[in-house]
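Below: one structure, written as structure tokens.
Hydrogens, waters and symmetry mates are skipped; everything else that's a heavy atom, side chains included, is used. Proteins get letters first, then strands, A, B, ... in listed order; numbering begins at 1 in each.
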2 protein chains.
Amino acid sequence: MSNLNIYTKKLRESSLRPTRQRLKICEVLFSPDKTFHFTINDLTKILEEKLSEKISLATVYNTVHAFKKKGYLKEISINSDKSYFDTNVTDHHHFFDEDTNELIDCGDKEIDSINIKKNITGKKIKSVEVLIKVATDNQNQN
Amino acid sequence: MSNLNIYTKKLRESSLRPTRQRLKICEVLFSPDKTFHFTINDLTKILEEKLSEKISLATVYNTVHAFKKKGYLKEISINSDKSYFDTNVTDHHHFFDEDTNELIDCGDKEIDSINIKKNITGKKIKSVEVLIKVATDNQNQN
DNA sequence: ATTTACATTAAAATAATTCTAAACTGTTGA
DNA sequence: TCAACAGTTTAGAATTATTTTAATGTAAAT
Ligand SMILES: [Mn+2]
Ligand SMILES: [Mn+2]
Ligand SMILES: [Zn+2]
Ligand SMILES: [Zn+2]
């Protein structure tokens, strides 16, 4: 199946029509051979570079959220003013480099599986994420 | 030592003078026998209820951030528009109830200790946090 | 008591995100 | 084929959390 068909399928499955703008977003998100992390701002900058015509912020937000809802993108929990997204939607954890504000994958094999002994009555576990914050070892003396 | 002296000490150690407003914030944060989670908005509402005089939002933000920097408060990573803080500054993990937007502690004993087999060269681990998102088991059919 | 440094505050600024409403385009069925 | 409809794009406005500003007030040092 051609990339274009793959993108169209993903869009249709997300209840979105395959428009010019959305196909361009797909190309940026899903054609690289490596998965990656991005903010809406990152994605918009990449799109502006690759694209002759402008693409509106609202369209980027809408499309990313639709993909997230469908499970084609994942949002990462970080205390930050902006949201981070991940094209790697498999279960995995993250390092967050506080110096560079960069997310780094931590595969399932690099961390022992999390065993939770408590449960919340009436509630089901939707996700379990480990976030490991790292920084250069400056002994941060207040 | 009286509560008042404890608050004054915490403030001084955070390089803050013990003013009327800040002592009130301390009372709300540090007098309950149980630790709790809050947003700036929560805290402001509590203060408004307890207080005759108004306290400015800027003061709440400044004081909370100073306490966080000193380690008297902890910020919790959640994908949300607002920041969550915790008066429990010991190492522990969290459940986040997506229905109610409520944080629930998950003590160290309720989760096996996290063993990380990977490290980032030149970087030191600052924190390891597990966030378990839960929700009522509605089978969320897109 | 006077001086100084720090604090409080209302209001403005900033920044991420969402909403609005008008113009546009893909899709469908007559 | 093509009108009609439903969904889409967009610029800009609105919203919301947070930070900054700058004028005024207060704690602490002398
Ligand atoms: Mn923040
Ligand atoms: Mn968000
Ligand atoms: Zn990742
Ligand atoms: Zn907690």
Whole angstroms only, please: what is the [atom1]-[atom2] distance between [X] and [N]?
X	N	atom1	atom2	result
A:Asn79	D:dT18	CG	C1'	14 Å
B:Ile40	D:dT16	CD1	C1'	14 Å
B:Leu51	C:dT8	CG	C1'	13 Å
B:Asn101	D:dA17	CG	P	12 Å
A:Asp42	C:dA16	CG	P	11 Å
A:Lys82	C:dT17	NZ	P	8 Å
A:Leu23	C:dT25	CG	C1'	14 Å
B:Tyr84	D:dT18	OH	P	10 Å

So, is A:Tyr61 close to the C:dT17 phosphate, meaning a side-chain N or O under 4.0 Å from OP1 or OP2?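 For C:dT17, OP1/OP2 do have a side-chain N/O of A:Tyr61 under 4.0 Å.
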Does OP1 or OP2 of C:dT18 have a side-chain N or O of A:His65 closer than 4.0 Å? yes
Check B:Glu49 with B:Lys45, please: is the shortest side-chain N to carboxylate O separation under 4.0 Å?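 A salt bridge is absent here (no side-chain N lies under 4.0 Å from a carboxylate O).
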Exercise answer: donor-acceptor pairs, residues 33-40 of chain B side-chain atoms, under 3.5 Å, sequence neighbours excluded:
| from | atom 1 | to | atom 2 | distance (Å) |
| --- | --- | --- | --- | --- |
| B:His37 | ND1 | B:Leu103 | O | 3.3 |
| B:His37 | NE2 | B:Asp86 | OD2 | 3.0 |
| B:His37 | NE2 | B:His94 | NE2 | 3.2 |
| B:His37 | NE2 | B:Asp105 | OD1 | 2.8 |
| B:Thr39 | OG1 | B:Asn41 | N | 3.4 |
| B:Thr39 | OG1 | B:Asp42 | N | 3.0 |
| B:Thr39 | OG1 | B:Asp42 | OD1 | 3.3 |
| B:Thr39 | OG1 | B:Asp42 | OD2 | 3.1 |

Starting at the 5' end of nucleotides 3-15 of chain D, put B wherever the base has a protein heavy atom under 4.0 Å, S where only the sugar-phosphate does, and a dash everywhere else. ---BSSSBB----
Options D:dA28, C:dT17, D:dA17, nucleotide nearest the side-chain atoms of B:Arg12: D:dA28
For B:Ser2, side chain to side chain donor-acceptor pair (under 3.5 Å) partners two or more places apart: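 For B:Ser2, the residues satisfying side chain to side chain donor-acceptor pair (under 3.5 Å) (neighbours in sequence not counted) are B:Asn5.
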Looking at residues at least two apart in the chain, or sitting in another chain, which of them share a side chain to side chain donor-acceptor pair (under 3.5 Å) with A:Lys123? B:Asp97, B:Asp99
A:Glu53: what forms a side chain to side chain contact (heavy atoms under 4.5 Å, CB included) with it, not counting sequence neighbours?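 If we apply the side chain to side chain contact (heavy atoms under 4.5 Å, CB included) test to A:Glu53, skipping adjacent residues, the hits are A:Arg20, A:Leu51.
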Could you list the residues that satisfy side chain to side chain contact (heavy atoms under 4.5 Å, CB included) with A:Ile116, not counting sequence neighbours? A:Ile114, A:Ile125, A:Val128, B:Phe95, B:Ile111, B:Ile132
